[in-house]
Amino acid sequence: MPNVALQSHQNHQTLVITPETTGAALQGTIQIPGDKSISHRALMLGAIAAGTTTIQGLLLGEDPRSTAACFAAMGAKISPLNTESVIVEGIGLGQLQEPQGVLDAGNSGTTLRLMLGLLAAHPERLFCVTGDASLRSRPMSRVIKPLTEMGGQIWGRQGNTLAPLAVQGQTLKGFTYHSPIASAQVKSCLLLAGLLAQGETTVIEPALSRDHSERMLTAFGAQIDADPEAKRVTVTGQAGSLQGQTVVVPGDISSAAFWLVAAAITPGSDLRIKNVGVNPTRTGVLEALEQMGADIERENERTVTGEPVADLRVRSGPLKGCTIEGEVIPRLIDEVPILAVAAAFAQGTTVIKDAAELRVKESDRLAVMASELNRLGAHVTEHPDGLEITGGYPLKGTAVDSHTDHRIAMSLAIAALNAQGPTTIHRAEAAAISYPTFVETLSQAWI
Ligand code: S3P
């Protein structure tokens, strides 16, 4: 078993990982926390529905906590957050109250962008929204521009592009939007605005992004017409209230991805990951790893409250480089950092293209993964829209930094497991954004 130690320094934590030299492997069965995207949506739709929504398996990460706090500040009654059963007493469609203070989305782009669609469509109410330093540097014009076309009034820093934002709610008009980017946050923002707008709102994407909003809105009773082949979805506005539901949140495939790669690259591993959401708009990581030669089996496939779920069994084996590009990118957008780690342990070169969106995530994930993996001795070249990684160079433990990005912290931890000597990951507390029990699981699942 590797030695895993967490050290606290004022506001930050450092994770020190010293790998085993005697062939420790990942074995047994693990559980992963609830899906972040579905957790946000369950809290939001519960808050704006009529009646009670019960959420089982909610992710207790910092991001869904930000969503819960924002909607509680606007009048929804949300029981203390736990994984068993969170009760949301909805306030009803169009009934969000003007909050007394500033809404704080923390580190969460999903909270801010999805919520903005709802706020813009609440006439006669003023909302002020902000986030942490990372979120305040992320582009908001991608949602402000289309909301403005619908009649929204939103002001932000630097020419209405950056938070903090002020929103003066308006009666919006439905429209058709050809989104220049495949972004579930943009699509979902406009669908939520469209719920309250006059007429129909249609979003057409260049490639299909995750469709959790479409599925959950339909379950709550919204009038949604989705045509995934055409990458088009329409919501009919002002078509009646949403009804509270029971939502069972599956495990997050983006969190499972760390263990898929850890087991694939650690010789002798045979690991089962229970209860993983395998919605086809999220399974690009499985396809990419299979293309690299990984041995991943789906077991016990089922549907849980409208979302496909399976257990995943992964066994170690040699990986080979591959090209990851085009329409699969939005379906693995959050897994590029951990796929870069897999590539560093694969034979040959892996090319990741069409992934410029990674530059505007919680950090510039292309720049940060290139710099931190190269510190560890990997051979990574950064391109404007991707990475080129030549695998097979042994990694050597050293000091690296999460850049306060949860997925970077965890990806570097998995790389460290197979490096020579100890790796020190600074600002590792970022993992709690999406995976508060990551370090615990890192210390389990070994023989
Ligand atoms: C998310 C959509 C993705 C993803 C993010 C969660 C969502 O962002 O990166 O972690 O829940 O809708 P984009 O839609 O902006 O690509």
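Counting starts at 1 for both ligands and their atoms, in listed order. Residue numbers count from 1 along this sequence.
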task: Hey, can you tell me if Tyr435 and Phe258 have their rings parallel, tilted or perpendicular (30° and 60° cut-offs)?
output: tilted
statement: For ligand 1, protein residues within the heavy-atom limit of under 4.0 Å are Lys36, Ser37, Arg41, Thr110, Ser183, Ala184, Gln185, Arg210, Ile333, Asp334, Lys361
field: Exercise: do His406 and Ser434 side chains pair donor with acceptor under 3.5 Å
entry: yes
task: Could you tell me whether Asp35 and Arg282 have a side-chain N and a carboxylate O separated by less than 4.0 Å?
output: yes
message: For a 4.5 angstrom cut-off between non-hydrogen side-chain atoms, does Glu62 reach Asn107?
response: no
- prompt: Is the side chain of Asp354 donor-acceptor paired with the backbone N or O of Gly326 at a distance under 3.5 Å, no angle test?
  reply: yes
statement: When rounded to the nearest 0.5 Å, the distance separating OH of Tyr177 from NZ of Lys187 is 14.0 Å
